[in-house]
2 protein chains.
Amino acid sequence: MTNGGRKKATIYDLSVLSGSSPSTVSAVLNGTWRKRRIKESTAELIRSLAETHQYTANRQARGLRSSRSGLVGLLLPVHDNRYFSSLAQTFEAHVRSKGQCPIVVSASRDPEEERRTAETLISYSIDELFICGATDPDGVHEVCEAAGLRHINIDLPGTKVPSVISDNFEGGRLLTEAIIRHFPAERPLEPDDLYLFGGRDDHATRERIRGFRAVKEELLGSDPDECIWPTGYAADNARRAFEAFYEQHGKLPRGFFVNSSINFEGLLRFMAEHPLENFTDLVVGCYDYDPFASFLPFPVIMIRQNIEGMIAKAFEVIEEPRASLQIHMIEPQLVPPRTALTGPLDALMDSEMPQE
Amino acid sequence: MTNGGRKKATIYDLSVLSGSSPSTVSAVLNGTWRKRRIKESTAELIRSLAETHQYTANRQARGLRSSRSGLVGLLLPVHDNRYFSSLAQTFEAHVRSKGQCPIVVSASRDPEEERRTAETLISYSIDELFICGATDPDGVHEVCEAAGLRHINIDLPGTKVPSVISDNFEGGRLLTEAIIRHFPAERPLEPDDLYLFGGRDDHATRERIRGFRAVKEELLGSDPDECIWPTGYAADNARRAFEAFYEQHGKLPRGFFVNSSINFEGLLRFMAEHPLENFTDLVVGCYDYDPFASFLPFPVIMIRQNIEGMIAKAFEVIEEPRASLQIHMIEPQLVPPRTALTGPLDALMDSEMPQE
DNA sequence: CTTTTTTGCACAATCGATGGTGCAATGACT
DNA sequence: AGTCATTGCACCATCGATTGTGCAAAAAAG
């Protein structure tokens with residue numbers, strides 16, 4: 001270690017070593033030195049000193065002075081789910097490619113927590129905030145607005161700044177239609193055989209339900225209200241809903257529209273406690289994609305939201321100086337059963353060679 | 001908005017408004033005011049002003065002064081995977097409960113990227129770093145050491161600071177034994193029917209292989225070298241390995257030990273291109289737990305690493321002033337097929353009530 | 001009514017980097 | 001030789017919060 005082992009070198013250290021002033025050192029190391037007419041040889045000297053002393057700028061100091069931090073925040077409902085973790089992965093790649101540092105935090109779908117978390121991020125002077133799947137996007141907006149922080153909504157729209165979301169109506173339609181058509185013509189699905197479980201009273205769920213009902217009306221001719229069970233996003237709430245249904249009817253519906261992979265986990269929990277034979281005439285549609293779920297022993301039709309598309313669009317829109325207050329819809333994709341799609345990891349993994 | 005809409009209030013603003021000095025304001029708002037013998041009524045006044053002006057401390061300024069930031073880092077290989085995203089979720093909860101801000105970043109299992117990422121985090125003066133699944137933990141250690149940053153290894157051990165890892169040998173044994181015993185006595189598994197796929201030359205893989213081989217030797221009497229295929233962690237590498245095997249043998253092995261859920265995705269990719277009938281006499285063991293994988297149409301035995309246990313232990317050890325250079329092993333758990341376990345989300349979701 | 005103690009707070013340096021401004025030294029030009 | 005422009009850099013205030021120190025005013029003690 002060139003360094004004694006402890007404290008990091010500062011521009012003042014390098015200033016002493018190089019015989020230049022701190023401002024010169026600063027200019028050399030942050031790239032503004034040409035503008036300041038620093039001699040090439042001076043710059044060279046300082047750069048080499050920085051190198052040997054492993055200098056890295058203290059970003060808190062820089063951020064304090066410039067009131068920017070190089071941090072870009074992503075506010076998620078939760079981490080532990082393939083949809084949001086893929087979002088995080090993709091977000092990270094985008095932020096890194098701009099030379100900034102991603103900071104991904106979850107707020108449990110709790111409006112209060114969302115605001116507090118945004119406050120915290122703001123106190124670190126983050127440069128931008130991507131608000132994903134927030135229960136109260138406009139609440140978070142106020143916090144950002146008050147701090148003059150650029151932000152954008154993803155996945156669930158707000159009314160104060162632009163949003164980039166999945167086309168949930170169309171996705172709901174696609175998925176519902178695919179479920180219905182998956183049943184053979186000789187044993188067609190009845191209207192009261194197709195239920196929607198999960199989700200809550202948010203924009204995404206409402207739109208999916210709208211698509212669901214439209215297609216049911218269109219293809220099955222009717223659309224009973226009792227086929228909609230919004231159980232919230234917790235897996236265990238969904239499980240209880242399935243249990244309740246099973247108690248009531250002695251069986252499950254033949255067709256399911258499950259509103260998210262988390263709700264789908266509730267179905268697994270139900271299934272773990274009931275014999276497999278009960279699920280031979282079952283088609284599940286899930287609004288989310290998970291590779292393992294796609295291969296379950298009954299037909300699972302999934303919707304994969306276009307994560308790369310949404311993130312890319314969001315970065316595009318957030319850079320626009322005067323973006324119009326608009327909801328950008330990104331088309332999701334229908335995934336037939338037994339399909340293994342590639343994800344954001346596949347872009348990374350090239351570098352990883354088998355050992356030995 | 002009490003605030004005009006723009007710049008955040010500072011202690012100087014409050015100092016003017018309250019008629020006290022900035023240092024008094026600071027002391028009141030950071031809790032050290034009793035030590036400084038500030039009058040209760042003064043404190044009260046300042047607190048109420050802070051409230052109405054929505055004051056929040058600028059953490060870059062605080063961090064600069066105190067050379068602490070309140071940020072705690074978690075360095076992951078990747079986000080997009082249930083194991084690591086559960087880790088992130090659990091880590092977040094722990095950090096939050098200490099009143100600090102979690103910052104989770106991934107480094108793609110690339111040693112160079114790992115060091116750079118650690119450097120970046122250090123430049124933000126993070127207070128602690130949890131190094132999870134790093135390809136080169138000791139490389140990251142050097143960076144941390146040079147900056148005087150407390151750190152600890154998780155999941156993959158290093159040699160310079162304490163590590164908290166899964167007991168991979170025991171987990172490997174458990175999983176291998178469960179795979180073997182899952183075959184009925186009348187059609188027992190032959191030694192060359194049980195293969196291990198995935199992983200690379202890291203501590204975890206080596207230990208799992210050691211467990212695998214020990215159990216094979218013990219229960220099946222022999223343990224051919226060609227049954228070990230370390231393909232790296234990329235899904236597509238694993239897929240190619242399965243294809244290659246299939247080419248070569250015209251079938252898959254009857255028993256699989258798959259080294260991670262990411263490798264398991266490679267198996268799915270393989271299966272998507274081959275008829276389902278090929279997989280009737282197949283038992284898969286996977287070193288990772290994923291609820292959907294557990295319900296696949298063939299027996300899937302999984303290992304769930306004790307994430308909560310590992311994180312809790314890591315926080316405990318990292319707080320110890322002079323922790324001994326030790327590898328703490330946390331026992332993983334064998335998960336039989338068709339099991340839906342609860343995860344870190346279940347602790348959160350209570351607050352989420354079904355709507356309507 | 002002094003002297004001592006306690007109370008309550010203000011002052012000022014500091015953390016590390018940034019960027020506007022000023023000024024000496026050098027070279028160019030008449 | 002004298003004027004002017006250019007080069008190359010140093011100086012200093014600043015960002016917002018923290019913290020050691022000092023010192024008046026009030027209270028207690030004598």
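In what follows, chains are A, B, ... by sequence order, proteins preceding strands, each numbered from 1.
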Open item on the list: B/H141 and side chain to side chain donor-acceptor pair (under 3.5 Å): which single residue from B/H151, B/K160, B/R115 fits?
Closed with: B/H151
TODO: Of all the heavy-atom pairs spanning B/N153 and B/G158, show the shortest one and how long it is.
DONE: ND2-N, 3.2 Å
Task: Spatial distance of atom CD (A/E316) from atom NE2 (A/H328) [nearest 0.5 Å] - done: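 The distance works out to 8.0 Å.
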Task: Gap separating the OG atom of A/S163 from the CD1 atom of A/I154, nearest 0.5 angstrom - done: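 Those atoms lie 9.5 Å apart.
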- [ ] Would you mind checking if A/R116 and A/E113 are paired as a salt bridge, meaning a charged N to carboxylate O distance below 4.0 Å?
- [x] yes
Task: Annotated protein contacts, base or backbone, on nucleotides 13-18 of chain C with a non-hydrogen cut-off under 4.0 Å, one of B, S, - each - done: BBBBBB
Rounded to whole angstrom units, what separation is found between the [atom1] atom of [X] and the [atom2] atom of [N]?
X: B/K35; N: D/dT18; atom1: NZ; atom2: P; value: 11 Å
X: B/D13; N: D/dG16; atom1: CG; atom2: P; value: 8 Å
X: A/L45; N: D/dG8; atom1: CG; atom2: P; value: 15 Å
X: A/K39; N: C/dA25; atom1: NZ; atom2: P; value: 14 Å
X: A/I38; N: C/dA25; atom1: CD1; atom2: P; value: 18 Å
X: B/E40; N: C/dT7; atom1: CD; atom2: P; value: 15 Å
X: B/W33; N: D/dT19; atom1: CH2; atom2: P; value: 17 Å
X: A/R37; N: C/dC23; atom1: CZ; atom2: P; value: 15 Å

Under a plain distance cut-off of 3.5 Å, with no hydrogens placed, do [Y] and [X] share a side-chain donor-acceptor pair?
X: B/E92; Y: A/S106; answer: yes
X: A/R59; Y: B/S123; answer: yes
X: A/H79; Y: B/H79; answer: no

Considering only nitrogen or oxygen atoms on both sides, find all protein atoms under 3.5 Å from nucleotides 26-29 of chain D and state each distance.
none

Open item on the list: For the CD atom on A/E51, are there more than 12 heavy atoms of other groups (residues, nucleotides or ligands in this structure) within a distance under 6.0 Å?
Closed with: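 No, because the 6.0 Å sphere around CD of A/E51 holds 12 heavy atoms or fewer from other groups.
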Open item on the list: What contact category does B/G19 fall into here, base, sugar-phosphate, or nothing, at under 4.0 angstrom with non-hydrogen atoms?
Closed with: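 Sugar-phosphate, no base atom in range.
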Open item on the list: What's B/T32 touching, base or sugar-phosphate or nothing? Going by heavy atoms closer than 4.0 Å.
Closed with: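 Contact class for B/T32: none.
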